[in-house]
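Each ligand, and each atom within it, is numbered from 1 in the order the structure gives.
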Amino acid sequence: MTHAYIGLGSNLDNPGAHITRALDELAKLPLSQLIACSARYSSRAVGPGDQPDYINAVTLINTELTPLQLLDELQAIEQMHQRVRIEHWGPRTLDLDILLLDNQIITNKRLQVPHPFMAQRNFVLYPLADITPNLILPCGTPLSELLANSSHDGLERLKNEGASCERNV
Ligand code: ROI
């Protein structure tokens, strides 16, 4: 059984609705249980051009899927949201990122864990801290240390509505 933290992001076609649906779909993943959801956040887009703001959240699941099986399942959910990759780091209906899998370090051509950019992204760090404030990353760095060096700029905590989670925070 692996603890998997998954980042959710959307900035197209009613992002809040995509996040709500994705949470329901994550709750139905095979061999897995949804354990906790962060609050939702509105966040200024990181990336090229003038993109709409994102809605971001993080969930924690327990899973018996292998890392690549989990990745396949997440990509299938993204496809159900008509995810189209128009441009690198461009706007998207739904992005599901594997952030952490226990203390595993994975460098595979399809999957890198921990997520390579998570430490620089406030829209990942703050929701993670909602779920597990005392989290230590596989490299030994406490999440609290990353948060202390992370700006709150462009990030707004929203009310958590409609999430299908046993433990909303
Ligand atoms: N920017 C924000 N604010 N939130 C995201 O989820 C997000 N996802 C991305 C890129 C395009 C890097 N920018 C983002 O993949």
Would you say [X] and [Y] make side-chain contact, with heavy atoms under 4.5 Å?
X	Y	result
Cys37	Leu23	yes
Ile98	Ile106	no
Leu29	Ile77	yes
Gln82	Asp13	no
Leu68	Leu71	yes

What atoms of ligand 1 come within less than 4.0 Å of a heavy atom belonging to [X]?
X	result
Asn56	2 (C), 3 (N), 4 (N), 5 (C), 6 (O)
Arg44	2 (C), 3 (N)
Ala45	1 (N), 3 (N)
Arg121	12 (C)

Val46-ligand 1 polar pair, N/O distance under 3.5 Å: yes
Side chain or backbone, does Gln51 bring an N or O within less than 3.5 Å of an N or O on ligand 1?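 Gln51 vs ligand 1: no N/O contact under 3.5 Å.
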Taking all non-hydrogen atoms of both residues into account, name the closest pair between Tyr126 and Ser151 and its distance. CE1-O, 4.0 Å
When you measure from atom 8 (N) of ligand 1 to every protein heavy atom, which one gives the shortest distance, and what is it? Tyr54 CE2, 3.8 Å
heavy-atom search around atom 15 (O) of ligand 1 in the protein gives Arg92 NH1, 3.1 Å
Taking a cutoff of less than 4.0 Å between a non-hydrogen atom of the residue and any ligand atom, is Ser43 in contact with ligand 1?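 So Ser43 counts as touching ligand 1.
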Assign the ring pair Tyr54 / Phe123 to parallel, tilted or perpendicular, where the plane angle (0 to 90°) is split at 30° and 60°.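 Rings of Tyr54 and Phe123: parallel, under 30°.
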When you look for heavy atoms under 4.0 Å from ligand 1, do you find them on the side chain of Asp95, its backbone, both, or neither? side chain
